[in-house]
Amino acid sequence: MAGPIERYLLDKIRVDGTIHMTLIDPEKTFPYEAVKIAENANFSGTAAIMIGGSTVTSQKQLDEVVQAIKSAANLPLILFPGNVSGISSHADAIWFMSMLNSTDPYFLIGAQILGAPYIKKFQIEPLSMGYIIVGEGGTAGKVGKAIPVPYNNPELAAAHALAGQYLGMRFIYLEGGSGVKIPVPPEMIRAVKQAIDIPLIVGGGIRSTEAAIVASNAGADAIVTGNLIETSEGAQRVAQITKAIKRNLHR
Ligand code: 1GP
């Protein structure tokens, strides 16, 4: 059965069309900066705050950043772990994710086995998600030992996503890699969206309203931006993106 955060996301997607989520990297963010980002996020129209990264090693720092964000933001806080070190008992939910094109069983199911009892103990809502590394794949692809799906092979990405759905996953995430030059192309988003019946999240290298609209038009149900919020005009640009993709009539 879907928990409260999953229901919230599904409702918001149904009402808004495409939603936006803000990703905060706890390794790059001090708690006082996280408070500022969270305050900005409240006004930007972003649907949720995701917190995590591929190289998070300090759970103490993660806990401090999660608590700082919770104190300042009125939004669901969803962990986006790259490893077991990415779990904090203070979060509302966690992307309980498997990197579907990893070559290492640890990232397919090993870390999940280690983390599951902790997630149950601290009653963090698990959101089952198939995570697919595409294109350059960035640090996430390197750390997760993925064989990224090339951008010119949308059918292969769709096959990965459908396999995730058939395994019972409730969300699919197409990850181009944080900070990459070229975001996930619309052809790939379209092919994946047509193949699956569950919400599609797209992220990696989305910096402009135009790029967000392209992804939304192609069928993304949620768009994640990370680096953008760290820039001086970040909050303003996130607000522009959320406005542009909300009830996007071009879909
Ligand atoms: C990374 O998809 C996210 O996991 C966000 O990427 O930092 O490039 O926005 P950016």
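Note that ligands are numbered from 1 as they come in the structure, with each ligand's atoms numbered from 1 the same way.
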Query raised in the report: Should the pair R14-D11 be classified as a salt bridge under the 4.0 Å nitrogen-to-oxygen rule?
Result: yes
Report summary line: Taken in chain and number order and not counting sequence neighbours, the residues that satisfy salt bridge (Lys or Arg N to Asp or Glu O under 4.0 Å) with D197 are none
Quick one: side chains of residues 126-147, donor-acceptor pairs under 3.5 Å with protein atoms, not counting sequence neighbours, listed by atom name and distance.
{"unit_1": "Y131", "atom_1": "OH", "unit_2": "E175", "atom_2": "OE1", "d": "2.7"}
{"unit_1": "K145", "atom_1": "NZ", "unit_2": "D104", "atom_2": "OD2", "d": "2.9"}

Query raised in the report: So, the side chain of T242 versus the backbone of A239: is there a donor-acceptor pair under 3.5 Å, distance only?
Result: yes
Query raised in the report: Which parts of the protein, at residue level, reach under 4.0 Å of ligand 1 through a heavy atom?
Result: L23, F80, Y173, E175, S178, G179, G203, G204, G205, T225, G226, N227
Query raised in the report: Does any non-hydrogen side-chain atom of I201 lie less than 4.5 Å from one of D221?
Result: no
**Report entry** With D25 via salt bridge (Lys or Arg N to Asp or Glu O under 4.0 Å) - residues at least two apart
**Finding:** none
